[in-house]
> 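Let me give you the structure first, and then I'll get to my questions.
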Amino acid sequence: APAFTTLIKELGRTGQWEKAVEAYRAMAAAGVAPNTITYSALINACGKSKEWEKALEVYGEMRAAGVEPNIFTYSALISSCAKGRQWKKAFEIYDSMRAAGVEADAITYSAMISACEKSKQWEKALEVLAAMHKAGVEANTITYNCVLAACEKAGQADKALEVFQAMLRADVKPNAVSFATLLAACERAERWEAVMDLGARMAKAEAELEADALRVLLTAAHKTHRWDRAAELWERAAKPGG
RNA sequence: UACGAAGACCUUUGUU
């Protein structure tokens with residue numbers, strides 16, 4: 001079964017979900033029984049291609065075959081719903097997971113928040129973060145990135161900055177994705193002072209300065225008449241590895 | 001104890 005699972009994952013990674021399903025069918029023909037790991041990989045393969053209905057169908061077959069889902073299975077299902085922008089379905093899966101006595105971890109919560117984000121439910125995303133905290137599960141950089149993305153997508157720059165503060169208070173390190181999301185939110189809201197502030201934090205965090213981030217930071221320097229900062233940015237960007 | 005397999009942001013690919 002591990003060989004089939006590896007194949008299914010690879011097919012999923014390259015967007016060939018139909019072939020992944022074929023590989024799964026071929027298992028039966030070869031007399032190999034799919035297990036929890038195989039099903040989780042197949043659900044994820046379907047989810048990656050935004051085939052959330054197929055992912056749920058596979059889940060149904062899994063249950064019918066008497067194979068027990070675990071936290072990987074549920075997280076993959078939630079992630080599938082996220083990519084298909086089915087936040088209500090994601091909550092349904094989450095509820096059934098809890099009913100089965102499976103505790104959500106940081107990955108599960110992040111997938112839930114991502115589901116809210118992609119369905120443009122930023123308030124729900126904040127609710128999930130609060131529930132996570134209440135459950136005593138620590139939010140990590142990715143979790144916060146999902147929340148930041150939810151705020152950004154909804155045009156809630158102030159909320160994004162609030163979440164960022166909470167992130168720093170929780171001692172969770174922002175990465176390049178965090179900053180990119182924050183910059184996007186602030187750019188859209190024309191919060192140039194906030195952008196300048198982020199630029200300073202990025203420098204302190206030694207975060208990688210990508211082209212798009214540089215563009216927004218330069219725009220902000222221009223808008224706030226901080227020519228000195230613009231020059232500094234330019235020099236830093238010109239340096240190899242800087 | 002370990003010993004080829006599975007889940008979250010971003011990245012790749014496809015669709016608009």
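Every value quoted in this text rests on a predicted model; they were computed, and no experiment measured them. Hydrogens, waters and symmetry mates play no part in the numbers below; they use all other heavy atoms, side chains included. Letters go in sequence order (proteins before strands), and every chain restarts at 1.
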> Ignoring hydrogens and geometry beyond distance, is the side chain of A:Asn35 in donor-acceptor contact with the base of B:rA6 at under 3.5 Å?
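Not at all, since no donor on one side and acceptor on the other fall under 3.5 Å apart.
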> Can you measure A:Gln16 atom CD to B:rU15 atom P for me and round it to whole angstrom units?
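Taking CD of A:Gln16 and P of B:rU15, I get 14 Å after rounding.
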> When we call it a touch if two heavy atoms are under 4.0 Å apart, what does A:Ala176 touch: a base, just sugar-phosphate, or nothing?
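Nothing, no nucleic acid heavy atom in range.
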> Between P on B:rU11 and CG on A:Asp212, what's the gap in Å once rounded to a whole number?
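After rounding, the reported distance stands at 11 Å.
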> Could you check whether A:Thr14 gets within reach of a base, just the sugar-phosphate, or nothing at all, counting any heavy atom under 4.0 Å?
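Nothing, no heavy atom under 4.0 Å.
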> Closer to the 5' end of RNA chain B via nearest nucleotide, is it A:Asp105 or A:Arg13?
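Going by which nucleotide is closer to the 5' end, it is A:Asp105.
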> For B:rG7, take OP1 and OP2 only and decide whether either is under 4.0 Å from a side-chain N or O of A:Lys9.
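For B:rG7, OP1 or OP2 has a side-chain N or O of A:Lys9 closer than 4.0 Å.
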> Judged by each residue's nearest nucleotide on RNA chain B, which is more toward the 5′ side, A:Met112 or A:Ile37?
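Comparing both residues, the 5'-ward one is A:Ile37.
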> Which nucleotide in the set B:rA6, B:rA8, B:rA5 lies at the smallest distance from any side-chain heavy atom of A:Thr143?
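The answer is B:rA8.
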> For A:Lys48 and B:rA6, give me the distance from atom NZ to atom C1', rounded to whole Å.
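To the nearest whole Å, that distance equals 10 Å.
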> As an exercise, state the distance from CD1 of A:Ile8 to CD of A:Glu10, rounded to the nearest 0.5 Å.
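CD of A:Glu10 is found 12.0 Å from CD1 of A:Ile8.
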> Just the rounded figure in Å: distance from C1' of B:rA6 to OH of A:Tyr59.
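After rounding, the reported distance stands at 16 Å.
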> Would you indicate whether A:Asp171, at its atom CG, is surrounded by more than 12 heavy atoms from other residues, nucleotides or ligands within a distance under 6.0 Å?
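No, CG of A:Asp171 has 12 or fewer neighbouring heavy atoms, counting only those of other groups under 6.0 Å.
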> Categorize A:Ile71 for me: base, sugar-phosphate, or nothing, with a 4.0 angstrom heavy-atom threshold over every strand shown.
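Base contact.
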> To the nearest 0.5 Å, what is the distance between OG on A:Ser119 and NZ on A:Lys153?
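Here the interatomic distance stands at 9.0 Å.
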> Answer yes or no: does atom CZ of A:Arg85 have more than 12 heavy-atom neighbours from other residues, nucleotides or ligands under 6.0 Å?
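Result for CZ/A:Arg85: open.
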> Test for a donor-acceptor pair under 3.5 Å between the base of B:rG7 and the side chain of A:Thr108, counting only N and O atoms.
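Such a pair is found, so the answer is yes.
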> Go through A:Tyr39 and A:Tyr24 one step at a time and tell me if the ring-ring contact (aromatic ring centres under 6.0 Å, His included) criterion holds.
CA-CA 9 Å; A:Tyr39 278 111; A:Tyr24 156 70; 5.4 Å; yes
> Can you measure A:Glu51 atom CD to B:rU15 atom P for me and round it to whole angstrom units?
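To the nearest whole Å, that distance equals 14 Å.
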> In whole Å, I'd like the distance from the CD atom of A:Glu18 to the P atom of B:rU13.
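Atom CD in A:Glu18 sits about 19 Å away from atom P in B:rU13.
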> Expressed in whole Å, how much space separates the P atoms belonging to B:rA6 and B:rA2?
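Looking at atom P only, B:rA6 and B:rA2 are 16 Å apart.
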> Any side-chain N or O of A:Asn44 less than 4.0 Å from the OP1 or OP2 oxygen of B:rG7?
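Result: yes.
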> When you measure only distances, ignoring hydrogens and angles, does the side chain of A:Asn70 come within 3.5 Å of the base of B:rG7 through a donor and an acceptor?
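Between B:rG7 and A:Asn70, which were checked side chain against base, a qualifying N/O pair under 3.5 Å is absent.
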> Hey, what do you get for CG (A:Leu148) to CG (A:Leu182), rounding to the nearest 0.5 Å?
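It is 4.5 Å, given to the nearest 0.5 Å.
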> Between atom CE in A:Met167 and atom C1' in B:rC9, what is the gap in whole Å?
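After rounding, the gap between these two atoms is 10 Å.
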> Roughly how many Å is it from OH in A:Tyr74 to C1' in B:rA6, rounded to a whole number?
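Rounding to the nearest Å, OH of A:Tyr74 and C1' of B:rA6 are 15 Å apart.
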> Got a donor-acceptor pair under 3.5 Å from the side chain of A:Asn145 to the base of B:rA8?
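Between B:rA8 and A:Asn145, which were checked side chain against base, a qualifying N/O pair under 3.5 Å is absent.
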> Output yes when at least one side-chain N/O atom of A:Lys83 is less than 4.0 Å from OP1 or OP2 of B:rC9, else no.
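Answer yes for this pair, as a side-chain N or O of A:Lys83 is under 4.0 Å from OP1 or OP2.
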